[in-house]
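To start, the structure itself, in structure tokens.
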Amino acid sequence: MLGTTPTHKYCAEVANELETRWQSNWAQDNLNTIGNPGDDGFDTSKPKFYCLDMFPYPSGAGLHVGHPVGYIGSDIISRFKRMQGFNVLHPMGWDAFGLPAEQYAIETGVHPATTTRTAIDTFRGQLQRIGFSYDWSREFATIDPEYYKWTQWIWLKAYGSWFDPSTKQASPINTLIDGLNTGEITADDCDWQLMTASEKTTYVNDHRLAYLGEQVVNWCPKLGTVLANEEVIDGLSERGGFPVLRRPLRQWMFRITAFADRLLEDLDGLDWPHSTLRMQAEWIGRSEGADIDFNLQNHEPIRVYTTRPDTLFGVTFIVLAPEHPLVDELFASPPENCNSEALAAYVTEAKNRADVDRMADSKEKSGVFSGLFATNPATGKQIPIWIADYVLMGYGHGAIMAVPAHDQRDHDFAKAHDIEIIEVVKPDKKTDDCFSGNGTAVNSSSDQVSIDGLRTKEAKQKIIDWLEENSIGITKVNFRLRDWLFSRQRYWGEPFPIVFDSEGNHYPIGEASLPVVLPDLDDYTPAESEDPTPLLGRATAWLHTTAGEAGVDPSILSPDTLVTREANTMPGWAGSCWYEIRYCSPNCTERFVDKASEQYWMGNGTDLYIGGAEHAVLHLLYARFWHKMLFDLGEVSCNEPFQKLFHQGLLTSFAFQRANKSLVPSNKVEEQNDKFIETETGEEVERVIAKMSKSLKNVVNPDDVIAEYGADTLRLYEMYMGPLEASAPWNTRDIVGVYRFLQRVWRLCIDENSGDMHASLQDAQDDLVERALHATIAKVTDDIPNLSYNTAIASMIEFVNTATSSSKLTANQLDRFVRLLAPFAPHIAQEIYTKIGNNGYITVASWPTFDSALLVEDELELPVQIMGKVRGRVTVPADASDEIVKKAALEDSNISALLENLTIRKVIIVPNKIINIVAN
RNA sequence: GGGCCUGUGGCGGAAUUGGCAGACGCAGGGGACUUAAAAUCCCCCGAGGAUAAUACCUCAUGAGGGUUCGAGUCCCUCCGGGCCCACCA
């Protein structure tokens, strides 16, 4: 070996050795375990910080480098807050029920629990190797019976509640029953006192927050499951291309629509990304308008919802959704000029197409005339009623008043079917398009009512007033949000804690009998059938039981009654709807959460929630809904679960594209003189940014990066790529930058030849280094709460460069510096912290402070501009008055020379920044 | 079709929120050390012009206009890129 090679350099071996050593020390000493109120030594007077990551779905493939981006981000601020004296709750767990595990089970015959547990172990191992400060003692998975027991319990809470419109709150179902019995609450559209017992039961059931409802679903017989709309393309399943049927199905729903108002209004107080707030608001989709009844002969009036009642005079036809109840009446007694065969064919076809497919890209609007006419209440004219699939049964009343002059869809339809178009809104500016904005009402007069000349806003109000006076219509607020379909025919999910008697009445299972444990199956292959059949239907021994066996309260149902369990399971979202609460006391057996712990950690919700923007709507909306429900019922102490939300950016990767835009796998491309060449063909290819994917061969495994550089380098690199919220491409070439930085940090402390600490660390301090250190402390302290990690790291690099070239650094300064570094690169920081003589863990060391007096220089060099262009610079004392600064600027030789032939109009002095002389 | 975000060197990105554009890192070039290489350290590194050289000048933050003493940052128009929603009446 050559003598010049440093043998104690910071390299992959050194990094891996010290990282695994400290990780095992931390684990042994339970360094990251945090107590709860009431525990020995737990100080509730300290401020708390609950920092939550969106927990992962543990897939068999393990982590790739994109997963930890958010986790590193949350770990840094958690460690920082802890050093600042906060009690920090920073937990991790597993969202482990779901389809991929079940699909894998179908292929392999291995029980999903087995594969999922293996995947969890892999994920946990990979995360632990990165050195996160998670409190692993709080870890749980949604598939743990001790956890899903409480998921079922919460569902029962919803089942046992209703939404009281008078208080706008969830309330126990007994308050409804009592209110109806005493007459304090009046039943909708019926007389409670005259109802039979079974009618009463039905009425109450229809008001539960978790209720059985009829929904049209996409049923794929071949896959043996229902599919989401997104999974159906052209009537075929996205996976496999099998036929998908539309089937009405009675299944468990959540009455989330009752909370639509609050889910919308409460977005206001949240510190969330603007775009996500917007997406939630749009998803909820509140709109204001009117319900209007259109009369027709021999049938009930048709009720439509419109946001533009002011266009009533322009209504030249009515369109019904193919599922509209009136359509069935047409089949029973077809009107004279109705082609009932064509109608039947059209309706049958439309019913079997999912909503998604109905919005075909083609502008062509299909439809069939019903043979019926309705009366336009404003004009008294007879207008035709059409059936068309561009009207959806699920929104409004499944019927629309069509205004072809001012709605693009109605316009297209009228053009295609030759229907009259009447302009009733005059735009302010001429436009060629179908005008749907606000303007002035025209052609809107009859002997009934006139709104001609009114602006859209006033026209709406006047027409609504008229409609209400004449009982034709009523003002109405509508939401796009629908009730939440909560049943799945799959195996790998939480069973519902409910049973049915032979009549189909349902009975809840008592709390004492929870959890209803998911039974084992021998075969996960989906059942092929015309009608949806849940997989759990095969667990016959489990399915058929008695009320007593299942745990139904004997006062509701006699224990020996034969009952059938609910065979559907809950969807993948269920477990993630309340996991943030469970982390407060994951081992609590008496309750879903220990009350005092929940109050302490979540009195104002979680303090920071980090996760991907792909959950902007569904997960976050569902979790907010559950939280509000639990809040109303007095089970949790705040109204919103997530105070501050942050979306980390997507980690992308480079991909390579041929001239014809086809992609080339990364391992088939070579770089030659700044050009990228496809190895096989020798053709030049273009480098583009793409998602990491197996097919592009651009997936990077964090284990490989750690083996080559260590976890601290991985952590730093991922945070140094750019702003945490921005997408950035992984570029292996860039990793060495932060790696070299850590090597320089190491060298500040360690003599690479001897492996000993530098003797010079005892020398007198350099004022310049001390000032630089204070500036760095200030910058990092400021950046971390904003999650501006990339600039924090840059400032630490600057400091190390300063300290390196100064070669005067005291142990005390290094001590303060590594404490700054600790949240980012905890292992090397700990190692140096120990080497320079500290006992104990840097994780619990105090955060360094800075003296703002040391941040300002005594003298400042200020640029001097003439007419906004820098023409010179002057050095003045930092505390110089404007007068002195002005004098110095005007006397500067460069400046005075340039000003010779000019008249000074004005001198602008921005203190400590710049001087600008206006002269001409 | 609608909404949101975004556009700065060869690349990833800075810019105290209207005040010296390009911090920091990568890549590249040059030098020191070395027999040599690696490692390390030092210097250069937006484009163009000018000069023996330094000083210096001009242009430049997707394009065009505007507001301002001063614009990457604010306003208007246009053009690219990304994400989300989408026959929701």
Side-chain angles (χ1 to χ4, degrees), chain A residues 2 4-6 9 11 273-279 281-283 285 287 289 304-308 311 319 355-356 358-361 363 365 388-392 394-403 407-410 412-413 433 436 478-482 613-614 616-617 650 652 654 671 674 687 689 716-717 720-723 725-738 740-741 743-744 747 752 779 782 788 790-791 793-798 801 804-805 861-870 873 894 905-919:
Chain A
L2 295 164
T4 50
T5 308
K9 192 180 156 115
C11 60
H274 177 76
S275 58
T276 301
L277 292 173
R278 181 108 201 170
M279 281 163 69
E282 281 176 6
W283 190 265
S287 73
V304 304
Y305 172 74
T306 179
T307 54
R308 290 300 296 269
T311 59
V319 186
D355 290 354
V356 194
R358 291 204 196 163
M359 49 177 215
D361 284 25
K363 285 204 177 115
K365 292 267 183 292
D389 66 1
Y390 82 92
V391 172
L392 309 173
Y395 186 77
H397 306 286
I400 61 157
M401 56 176 234
V403 186
D407 181 285
Q408 191 62 53
R409 298 152 296 175
D410 299 344
D412 295 343
F413 192 85
D433 306 325
S436 57
N478 229 338
F479 291 93
R480 211 183 73 109
L481 186 71
R482 325 266 176 93
E614 67 273 20
V617 177
L650 192 71
T652 55
F654 291 121
E671 189 176 353
D674 295 339
R687 190 168 78 170
I689 308 262
L716 273 176
Y717 172 64
Y720 190 57
M721 293 172 75
E725 68 273 23
S727 293
W730 179 271
N731 193 355
T732 302
R733 192 170 72 178
D734 288 346
I735 298 174
V736 290
V738 287
R740 286 178 195 151
F741 162 63
Q743 291 177 322
R744 279 199 295 280
R747 255 194 318 272
E752 289 183 342
K779 178 72 178 153
D782 196 45
S788 302
N790 55 330
T791 51
I793 295 167
S795 77
M796 288 191 285
I797 294 174
E798 269 184 280
N801 292 346
T804 299
S805 51
E861 194 193 56
L862 298 179
V864 183
Q865 298 182 326
I866 298 174
M867 298 302 286
K869 289 195 192 303
V870 180
R873 43 192 78 239
N894 283 339
R905 304 286 175 194
K906 203 172 170 188
V907 178
I908 292 152
I909 295 168
V910 185
N912 302 335
K913 287 265 161 37
I914 204 162
I915 302 137
N916 191 11
I917 300 164
V918 186

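Below, all heavy atoms of this structure are taken into account, side chains as well, without hydrogens, waters or symmetry copies. Naming convention: chains lettered A, B, ... in sequence-line order (proteins, then strands); numbering from 1 in each chain. Please read all numbers here as calculations on a predicted model, not as lab measurements.
- Among residues two or more places apart in sequence or in another chain, the salt bridge (Lys or Arg N to Asp or Glu O under 4.0 Å) test is passed with A:E725 by none.
- Take A:A726 and apply the side-chain contact (heavy atoms from CB on, under 4.5 Å) test, not counting sequence neighbours, and it matches A:P723.
- Between B:A60 and B:G9, the two C1' atoms lie 10 Å apart (nearest whole Å).
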Please list each protein N or O that sits under 3.5 Å from an N or O in nucleotides 23-26 of chain B, with the distance.
unit_1	atom_1	unit_2	atom_2	d
B:C24	O2'	A:Y720	OH	2.5
B:C24	O2	A:Y720	OH	2.7
B:G25	OP1	A:N801	ND2	3.0
B:G25	O4'	A:Y720	OH	2.9
B:C26	OP1	A:R740	NH1	2.5
B:C26	O2'	A:D734	OD1	2.7

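- Residue pairs meeting the side chain to side chain donor-acceptor pair (under 3.5 Å) criterion with at least one member in residues 906-918 of chain A, sequence neighbours excluded, do not occur.
- Remark: the separation of the P atoms in B:A37 and B:C44 is 24 Å, to the nearest Å.
- For A:Y717, the ring pair (Phe, Tyr, Trp, His ring centres under 6.0 Å) criterion is met by A:W730, not counting sequence neighbours.
- Here the shortest heavy-atom pairing between A:A388 and A:V319 reads CB-CG1, 3.5 Å.
- As rounded to the nearest Å, B:C45 and B:G25 have C1' atoms that lie 14 Å from one another.
- With sequence neighbours left out, the side chain to side chain donor-acceptor pair (under 3.5 Å) criterion links A:D407 to A:R409.
- Distance A:E614 CD to B:C85 P: 11 Å, rounded to the nearest Å.
- Of the possible donor and acceptor atoms, one in the side chain of A:D410 sits under 3.5 Å from a partner among the backbone N and O of A:V403.
- Taking atom C1' on both nucleotides, B:C78 is separated from B:G7 by 14 Å, rounded to a whole Å.
- Annotation: B:U6 and B:A15 have their P atoms spaced 14 Å apart (nearest Å).
- Nucleotides B:U17 and B:G72 have their C1' atoms positioned 12 Å apart, rounded to a whole Å.
- As rounded to whole Å, 12 Å separates atom C1' of B:G10 from atom CZ of A:F654.
- Not counting sequence neighbours, the partners of A:R905 by the side chain to side chain donor-acceptor pair (under 3.5 Å) test are A:N920.
- A pairwise comparison of heavy atoms in A:M721 and A:P729 identifies CE-O, 3.2 Å as the closest pair.
- When the C1' atom is compared between B:U51 and B:C57, the two are found 11 Å apart, to the nearest whole Å.
- Aromatic ring orientation, A:Y305 versus A:Y395: perpendicular (interplanar angle above 60°, classes split at 30° and 60°).
- Residue A:Y305 has no polar side-chain atom (N or O) positioned under 4.0 Å from OP1 or OP2 of B:A89.
- Both A:P863 and A:S287 lie close to RNA chain B; mapped to their nearest nucleotides by heavy-atom distance, the more 5′-ward contact belongs to A:P863.
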How does protein reach along nucleotides 65-73 of chain B, written 5' to 3' as B (base within reach of a heavy atom under 4.0 Å), S (only sugar-phosphate), or - (no contact)? ----BS---

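- The side-chain heavy atoms of A:D412 and A:Y390, taken from C-beta on, include no pair separated by under 4.5 Å.
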Distances under 3.5 Å only, N/O to N/O: pair up the protein atoms with those of nucleotides 2-4 of chain B.
unit_1	atom_1	unit_2	atom_2	d
B:G3	O2'	A:R278	NE	3.3

Run A:T311 and A:M401 through side chain to side chain contact (heavy atoms under 4.5 Å, CB included) and show every step you take. CA-CA 9 Å; A:T311 59; A:M401 56 176 234; 3.6 Å; yes

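- One interatomic measurement links the two molecules: CG of A:D407 to C1' of B:A89, which rounds to 6 Å at whole-angstrom precision.
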For RNA chain B, just give me the dot-bracket, please: Watson-Crick or G-U, both distances below 3.5 Å, ( ) intra-strand, [ ] crossing earlier pairs, | paired with another strand, . unpaired. (((((((..(((......[....))).(((((.......))))).((((......))))..(((((..]....))))))))))))....

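- Scored by the side chain to side chain donor-acceptor pair (under 3.5 Å) test, A:R744 finds A:N801 as partners (sequence neighbours excluded).
- B:U16 and B:C41 have their P atoms separated by 30 Å, given to the nearest Å.
- Nearest heavy-atom pair, A:P863 versus A:V870, reported as atom, atom and distance to 0.1 Å: CB-CG1, 4.2 Å.
- For A:R747, the side chain to side chain donor-acceptor pair (under 3.5 Å) partners two or more places apart in sequence, or in a different chain, are A:E752.
- What separates OH of A:Y395 from P of B:A86 is a distance of 13 Å, to the nearest Å.
- Rounded to whole Å, atom C1' of B:U17 lies 10 Å from atom NZ of A:K913.
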